[in-house]
Enquirer: 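Pasting a structure below so you can have a look.
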Amino acid sequence: MTALINTLLIIDAIVLIVFVVLQPGKSAGLSGAITGGAEQLFGKQKARGMELFLHRGTVITGIIFFGLAFISGYLL
């Protein structure tokens, strides 16, 4: 049982890393640091398409990762 949980934990960690690496950056460099507050407040746009898929995948695999980590720690 422990080997199964640890294997699923490793697979989930790899998938989580892939989701995070594939997401586009949201920073705009130095100009974003100066005007970033107003743009975030007024110009916020919802993610669509692939960005939405990657965001949701990251959240879901993150939750699964922490759940499996707690289960793995409990079984030891």
Enquirer: Should Met1 and Tyr74 be regarded as members of a common hydrophobic cluster, given that ILVMFWY residues are connected when their side-chain heavy atoms come within less than 4.5 Å of each other, either directly or indirectly?
Expert: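 No, Met1 and Tyr74 fall in different hydrophobic clusters.
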
Enquirer: If hydrophobic residues (ILVMFWY) are linked whenever their side-chain heavy atoms come closer than 4.5 Å, directly or via other members, who joins Ile63 in its cluster?
Expert: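 Noted: Ile63 shares its cluster with Val59.
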
Enquirer: Please report the interatomic distance CD1(Ile64) to CD1(Ile71), rounded to the nearest 0.5 Å.
Expert: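 Spacing of CD1 (Ile64) from CD1 (Ile71) equals 10.5 Å.
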
Enquirer: Leu9 and Leu75: same hydrophobic cluster, using ILVMFWY side-chain contacts below 4.5 Å?
Expert: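 Yes, Leu9 and Leu75 fall within the same hydrophobic cluster.
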
Enquirer: By the rule that ILVMFWY residues connect when side-chain heavy atoms come within less than 4.5 angstrom, directly or transitively, which residues belong alongside Leu76?
Expert: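 Grouped by the 4.5 Å side-chain rule, Leu76 forms a cluster of one, so the answer is none.
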
Enquirer: So do the side chains of Phe19 and Phe53 get within less than 4.5 Å of each other, counting heavy atoms only?
Expert: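 Yes. Closest side-chain heavy atoms under 4.5 Å.
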
Enquirer: Going by atom types only, do Ser72 and Asn6 share a side-chain donor-acceptor pair under 3.5 Å?
Expert: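 Note: Ser72 and Asn6 side chains meet the donor-acceptor criterion.
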
Enquirer: Got a second to check how far Ile17's CD1 is from Thr58's OG1, nearest 0.5 Å?
Expert: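 The distance works out to 11.5 Å.
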
Enquirer: Quickly, which of Leu16, Leu22, Val15 forms a side chain to side chain contact (heavy atoms under 4.5 Å, CB included) with Val18? Name it, please.
Expert: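 Answer after filtering Leu16, Leu22, Val15: Leu22.
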
Enquirer: Look only at the side chain of Gln23 and the backbone of Glu51, and say whether a donor-acceptor pair between them is shorter than 3.5 Å.
Expert: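 No, the answer is negative, given that no donor and acceptor are paired below the 3.5 Å cut-off.
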
Enquirer: Can you hop from Ile5 to Ile60 via hydrophobic side chains spaced under 4.5 Å?
Expert: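 Result: yes, single cluster for both.
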
Enquirer: Please say yes or no: joined through hydrophobic side-chain contacts below 4.5 Å, possibly via intermediate residues, are Phe65 and Leu4 part of one cluster?
Expert: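 Looking at the clustering, Leu4 is in the same group as Phe65.
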
